[in-house]
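Working notes, structure below.
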Protein chains: 2
Amino acid sequence: MDKQAQLEAFRKGIAQFVTFNDAEWEIFTPYLSFSNLSKKEHFAVEGKVCDYMCFITRGAVRYYHIKDGQEITGYFSFENELMSAYKSFLKRTPNTNYIQALEETELVMISHQNLQQMLNHPLLALKIERFGRLIAEYYICCYEDRVTAFITQSPEERYVILEKTAKDIFQRIPQHFIANFLGITPVSLSRIRKRTLLQ
Amino acid sequence: MDKQAQLEAFRKGIAQFVTFNDAEWEIFTPYLSFSNLSKKEHFAVEGKVCDYMCFITRGAVRYYHIKDGQEITGYFSFENELMSAYKSFLKRTPNTNYIQALEETELVMISHQNLQQMLNHPLLALKIERFGRLIAEYYICCYEDRVTAFITQSPEERYVILEKTAKDIFQRIPQHFIANFLGITPVSLSRIRKRTLLQ
DNA sequence: TGAAATCCTTATCTTTTGTTAACGTTTTCA
DNA sequence: TGAAAACGTTAACAAAAGATAAGGATTTCA
């Protein structure tokens, strides 16, 4: 995808949070940069501060932790979604997990430095503050649902709901990553799938 | 606690997010209101839109869902912390859980309506946008840690860590609520406690 | 293209958790 | 103050999940 098309996709993708008129867009876009990730390439690694907030125009990534030498996948992001090691990016602290491309991935990026400059730019500040607030609020709602699922649902219930609401993820993501995401082992997910098929 | 003392506590409590000079404070405080909750009184109930964002100056509350007729406690907030049915408050959608006072509780409150007015007030807008953004970012970091705990830790590990990092909660909150919070049943928590004591 | 890596399933065994119920203690509140 | 409610522990059994290993299919990539 060429940069112009990526910018268009980005503009459309963030319209749920904030819309720029053409004059604002002219000021805004020079603060953006672009990058590609090849399959298995890391966007973020443990111990490093994450300097970019991204919008994925194509591809998919997984977020994972390493515990006792084992990778545990906690989340995914796909095209037309935002991606960042959010906590590290915001707090400027070393990241505690990894983000890795599952496919060829294209990104539109905002560096932390540029973000700060925009927050000091008289014509952008208010809109960028709002953008940041709405993004954060959006993610809070996602997280709230996720925690609620862990509190109130069994692994099997979480699987059944995921299978209903995001069937396509099973075509795109290896099943053992999805198992981690659901909070169980791959073996256990395989059993649950067999069990729920028979019913 | 009298209102002046509550306001002082509030100002101090939000200083981690935003600080007001005295002139700004004068403009800001008329948008606030006050309320008390007696023990077991509900601040929020399922099905109603939550109209207030609160700061707790005294007391404690629990957040719980009802599933199959059973109450499942998912979170707590204490004095000097913020409290709201955040998702409902932000999205103006019916709330999906309950918030109930565990003790006599005192609140400083911002109504959604007043918040919107402040966001349109030329002298407050930027600071309030920032306040909202920083609060949301703060909660995202909390949620991120919580989800990571569910993904990467066993119930026993979650208990041991909670016992280390927030021992006082066990003196203040009934144990079966804490069990829900950890994602397990009260019986299971009782077993874990016995098990880890013996080791 | 062919060896290596990845992936899913299945089996076996162990460990943990859920469920239900009972019991004694403490707290609540009319 | 006294009956009722709330609370934590324990027991017994069932259900589910974790750990480990093996086997076969598919994919990857040099």
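Just the heavy atoms: all of them, side chains too, but no hydrogens, waters or symmetry mates, feed the values below. Just so we're on the same page: letters track the sequence lines, and every chain starts at 1. None of the values given here were measured: they were computed from a predicted structure.
Per the geometry, CZ belonging to A/Arg193 stands 15 Å off P belonging to C/dC7, to the nearest Å. For the pair B/Leu182 CG and C/dT16 C1', the computed distance is 15 Å after rounding to whole Å. Put simply, CD1 on B/Ile173 is 14 Å from C1' on D/dC7, counting in whole angstrom units. To the nearest angstrom, P of C/dT10 lies 12 Å from CG of A/Leu189. At whole-Å resolution of the value, CG in B/Asn180 and P in C/dT19 are 12 Å apart. Atoms CD1 (A/Ile184) and C1' (C/dT16) sit 15 Å apart, rounded to a whole Å. Counting to the nearest Å, the P atom of D/dC29 and the CD atom of A/Glu104 are 11 Å from each other. Taking atom CZ of residue A/Phe170 and atom P of nucleotide C/dC8, one finds them 11 Å apart after rounding to whole Å.
Set against D/dT20, D/dA17, C/dG18, the side chain of B/Ser188 has C/dG18 as its closest nucleotide.
A/His176 has a side-chain polar atom (N or O) that falls below the 4.0 Å cut-off from OP1 or OP2 of C/dC8. Dashed line: the shortest gap from a side-chain N or O of A/Thr185 to OP1 or OP2 of D/dG18 is under 4.0 Å. Phosphate contact (OP1/OP2 of C/dT9, side-chain N/O of A/Gln175, threshold under 4.0 Å): present. Regarding contacts with the backbone of D/dT28, a side-chain N or O of A/Lys39 is found under 4.0 angstrom from either OP1 or OP2. Between A/Arg195 and the phosphate of D/dA17, there is a side-chain N or O to OP1/OP2 separation shorter than 4.0 Å.
Side-chain contact between A/Arg158 and A/Phe181 is absent, with no heavy atoms from C-beta onward closer than 4.5 Å.
Checked against the 6.0 Å centroid threshold, A/His65 and A/Tyr98 do not count as a close aromatic pair. Note: A/Tyr138 and A/Phe17 meet the aromatic proximity criterion, with ring centroids under 6.0 Å apart.
The one candidate from B/Tyr75, B/Phe43, B/Phe76 that meets the ring-ring contact (aromatic ring centres under 6.0 Å, His included) condition with B/Tyr63 is B/Tyr75. Only one option out of B/Glu79, B/Lys3, B/Glu8, B/Glu106 pairs with B/Thr57 in a side-chain contact (heavy atoms from CB on, under 4.5 Å); it is B/Glu106.
Nearer the 5' end of DNA chain D, as judged by each residue's closest nucleotide, is the contact made by B/Phe177, out of B/Phe177 and B/Arg191.
If you check every strand for non-hydrogen atoms under 4.0 Å, B/Ser190 touches a base. Heavy atoms of B/Pro155 sit under 4.0 angstrom from primed sugar atoms or phosphate atoms, though from no base atom.
B/Arg133 has no carboxylate O lying under 4.0 Å from a charged side-chain N of B/Glu129, or vice versa, which leaves the two without a salt bridge.
Between the axis at the start and the axis at the end of the helix from C/dT1-D/dA30 to C/dA30-D/dT1 there is an angle of 60°, using five pairs per end and rounding to 10 degrees.
The cationic atom of B/Arg146 (NZ for Lys, CZ for Arg) does not lie both less than 6.0 Å from the six-membered ring centre of B/Tyr143 and within 45° of the ring axis.
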